[in-house]
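These notes are about the structure you will find just below.
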Number of protein chains: 2
Amino acid sequence: MHFKNHVTRLSQYKAALQRLDNNNVERTHAETISTYIGIPATQIRKDFSLFGIRGNKRGGYNVKDLLEELKNILGLNRDIPVILLGYGNLGKALTRYQGFHEGCVRIVAAFDPGVGVLSSQPPIPVYPPASIPKFLKNNPVKHAILAVPNEVAQAIFDELYENGVRGFINFSTVSLNVPEDAYVNNVDLELELETVIYYTKESKNKV
Amino acid sequence: MHFKNHVTRLSQYKAALQRLDNNNVERTHAETISTYIGIPATQIRKDFSLFGIRGNKRGGYNVKDLLEELKNILGLNRDIPVILLGYGNLGKALTRYQGFHEGCVRIVAAFDPGVGVLSSQPPIPVYPPASIPKFLKNNPVKHAILAVPNEVAQAIFDELYENGVRGFINFSTVSLNVPEDAYVNNVDLELELETVIYYTKESKNKV
DNA sequence: TAGGTAATGTGATATTTATCACAATATACT
DNA sequence: AGTATATTGTGATAAATATCACATTACCTA
Ligand SMILES: NC(=O)c1ccc[n+]([C@@H]2O[C@H](COP(=O)([O-])OP(=O)(O)OC[C@H]3O[C@@H](n4cnc5c(N)ncnc54)[C@H](O)[C@@H]3O)[C@@H](O)[C@H]2O)c1
Ligand SMILES: NC(=O)c1ccc[n+]([C@@H]2O[C@H](COP(=O)([O-])OP(=O)(O)OC[C@H]3O[C@@H](n4cnc5c(N)ncnc54)[C@H](O)[C@@H]3O)[C@@H](O)[C@H]2O)c1
């Protein structure tokens, strides 16, 4: 069992709980979460059961406690520093995104060869790629966002792996060669668009 | 059977074939594609079988033919106009992305209330949201990218649906209420990051 | 043109994932 | 206190997805 779907759902539950907590809701139920995020209540309970999360029969779940448990399971109970590779279109969008500030993820630095010619002051430090090893020696960051061109993605990945980074989001559209003890989540936006197109074709191929 | 995974893989195959074709490769094999994108050759053949794609025993596949077949199945054999909702951080990044130009997807227009105060000339027309119905009456676009704040995502979705849009990518982090005959692909970047964090926790929760 | 072989194509099987049905139980009500 | 009921928790079942094993066949070589 790889649990990819389970983990994704846990993260969704966490987001829902976060919102409930922000609205000062104190108790909730599987059924409530279900209507919030469109996942069947029975699936939610089954997931909780699998990860050892216990509620209160008839009383549902205490929002703060459940949120805390979910964060613990996901590893979000502490600040997570992340570095960004490639301060281009996508990289800039990610650094400017306010949503991350509410969670525990912090993009602490970016690396881009265009560092010298940046027009405006970026909200985080941007360094030349050559300084990656030194930076990681001083700041043992374990997670990276790859928003670099396809051509350099594997090389950059290898260098980061060499220097201790183990968790990656890869926005490039190449499939990386990844050692056993690293984890890469490929987010291919072209592909996401194409699946939408398939499902909205007038004449689906009957299979 | 929902085929979500199958369709995602078909799209990956298509991308691989596109690259082979760009490199003027004429014939290929399941095994070659496999090393390209890291999916087992047997899975590739099974997928082909399922979607009625036939190769040549011993001779593998003709690259151009296979590419054409995959495009047909995915509905990518014609230009697909797409509109963008929200010309903010993410929306700008998407419109500036060069990769889409190589495929058949075209972002033809964006809608954003900030249209009057844009600092630089955007590469596509940006209209005020009020003009959505009129635009869609004149341009029956069927696909949209939602890159709007969470608060307005459902309202914008409803309006687009009313005006005939049926395929969506939703970058907001809310779960939309979606009629049967529409398809929404939720791409939640926060969530994608969080799954990476889970898989790189030192002490995984044993289950 | 016959035999060897590299590939495809697919039924059978295994694994993973989701749903269902219902027993267990804490709370609310009288 | 005793009963009704809302809600959890989970084994059993179903559905979806992936892998395997191997029969088939087109090409190549001699
Ligand atoms: N922008 C999008 O909407 C979009 C959509 C789909 C896929 N992608 C993929 O995401 C990736 C980034 O896309 P983008 O639009 O931001 O591209 P971009 O060209 O705008 O940005 C890439 C950045 O990486 C930098 N870079 C180059 N070599 C580098 C190196 N060795 N180390 C660090 N940085 C380096 C470049 O200077 C540039 O600033 C690409 O792989 C692209 O295929 C982007
Ligand atoms: N940027 C990221 O890296 C990132 C990461 C994760 C999630 N998201 C999500 O993606 C969405 C967009 O993020 P962003 O960073 O681009 O936000 P943003 O605020 O930069 O852009 C949103 C844009 O939508 C426009 N808008 C507001 N109301 C609108 C309406 N009714 N019709 C059309 N446009 C409207 C705003 O004027 C703004 O330009 C958000 O839901 C956000 O939660 C973004």
Side-chain angles (χ1 to χ4, degrees), chain A residues 1-13 16-17 20 25-63 65-67 69-70 73 175 186 195 198-199 204-207, chain B residues 1-13 16-17 20 25-63 65-67 69-70 73 175 186 195 198-199 204-207:
Chain A
M1 288 211 242
H2 193 230
F3 285 122
K4 173 86 205 246
N5 296 11
H6 295 88
V7 174
T8 302
R9 285 197 301 269
L10 287 185
S11 190
Q12 292 181 263
Y13 304 153
L17 268 285
L20 287 168
V25 176
E26 300 208 339
R27 310 212 113 251
T28 191
H29 310 116
E31 209 59 62
T32 311
I33 302 172
S34 172
T35 55
Y36 238 73
I37 57 178
I39 291 174
T42 167
Q43 174 81 78
I44 295 172
R45 289 202 298 274
K46 187 85 206 208
D47 287 338
F48 285 179
S49 167
L50 192 59
F51 285 90
I53 295 174
R54 321 307 308 273
N56 192 317
K57 287 211 162 114
R58 176 106 194 218
Y61 306 86
N62 175 290
V63 170
D65 292 352
L66 180 51
L67 181 55
E69 276 193 273
L70 288 167
I73 293 168
S175 134
N186 295 297
T195 63
Y198 173 83
Y199 284 111
K204 293 263 181 56
N205 313 60
K206 41 222 144 293
V207 179
Chain B
M1 287 210 240
H2 193 230
F3 285 123
K4 174 87 207 246
N5 296 10
H6 295 87
V7 175
T8 302
R9 284 198 302 270
L10 288 185
S11 191
Q12 292 182 263
Y13 304 153
L17 268 287
L20 287 168
V25 177
E26 299 209 340
R27 311 212 111 251
T28 192
H29 309 114
E31 209 59 62
T32 310
I33 302 172
S34 172
T35 56
Y36 238 73
I37 57 178
I39 290 173
T42 168
Q43 174 80 78
I44 295 173
R45 289 202 299 274
K46 188 86 209 210
D47 287 338
F48 286 178
S49 167
L50 193 60
F51 285 90
I53 295 175
R54 322 305 310 273
N56 191 317
K57 286 215 160 97
R58 175 104 196 222
Y61 306 87
N62 176 289
V63 170
D65 292 353
L66 179 52
L67 181 55
E69 276 193 273
L70 288 167
I73 293 167
S175 135
N186 295 297
T195 63
Y198 173 83
Y199 284 111
K204 293 263 180 56
N205 313 58
K206 40 221 147 299
V207 179

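All values reported here derive from a predicted model rather than from experimental measurement. The chains referred to below are lettered A, B, ... by the order of the sequence lines, with proteins before strands, and numbering in each begins at 1.
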- Message: With nearest nucleotide decided by heavy atoms, which residue, A/Gly59 or A/Lys4, maps closer to the 5′ end of DNA chain C?
- Response: A/Lys4
- Query: Hey, does B/Ala30 reach any base, or is it just sugar-phosphate, or nothing, if we go heavy atoms under 4.0 Å?
  - Reply: sugar-phosphate
- Message: Ignoring hydrogens, what is the shortest heavy-atom contact between A/His6 and A/Phe51? Give both atom names and the distance.
- Response: CB-CE1, 3.9 Å
- Query: Which atom pair, heavy atoms only, marks the closest approach of A/Ile44 to A/Ser34?
  - Reply: CD1-N, 3.6 Å
- Are OP1 or OP2 of D/dA26 and a side-chain N or O of B/Tyr61 less than 4.0 angstrom apart? no
- Give a yes/no answer on whether the side chain of B/Asn5 brings an N or O atom under 4.0 Å of OP1 or OP2 in D/dA18. yes
- Item | Phosphate contact (D/dT10 OP1 or OP2) by A/Arg54 side-chain N/O below 4.0 Å | yes
- Give a yes or no on whether the ring-centroid distance for A/Tyr198 and B/Phe3 is below 6.0 angstrom. no
- Donor/acceptor link under 3.5 angstrom from B/Arg58 side chain onto base of C/dT5: yes
- Query: Can you tell me if the side-chain N/O atoms of B/Asn56 get under 4.0 Å from OP1 or OP2 in D/dC27?
  - Reply: yes
- OP1, OP2 of C/dT19 versus side-chain N and O of A/Gln43: anything below 4.0 Å? yes
- Query: Among D/dT19, C/dT19, D/dT8, which nucleotide sits nearest the side chain of A/His29?
  - Reply: D/dT8
- Across the strands shown, which category fits A/Gly55 at heavy-atom distances under 4.0 angstrom: base, sugar-phosphate, nothing? sugar-phosphate
- Query: Just how far, in rounded Å, is C1' of C/dT8 from CZ of B/Arg27?
  - Reply: 12 Å
- Message: With a 4.0 Å cutoff (strictly under), does any side-chain N or O of A/Arg45 reach OP1 or OP2 of D/dT10?
- Response: no
- Message: Do B/Asn56 and B/Tyr61 pair up side chain to side chain, a donor and an acceptor below 3.5 Å, judged on atom types alone?
- Response: no
- Which sits closer to the 5' end of DNA chain C, A/His6 or B/Ile53, going by the nucleotide each is nearest to? B/Ile53
- Task: Just call it for A/Arg9: base, sugar-phosphate, or nothing, with non-hydrogen atoms closer than 4.0 Å on any strand.
- Result: sugar-phosphate
- Could you tell me whether the phosphate oxygens of D/dT10, OP1 or OP2, come under 4.0 Å of any side-chain nitrogen or oxygen in A/Ser49? yes
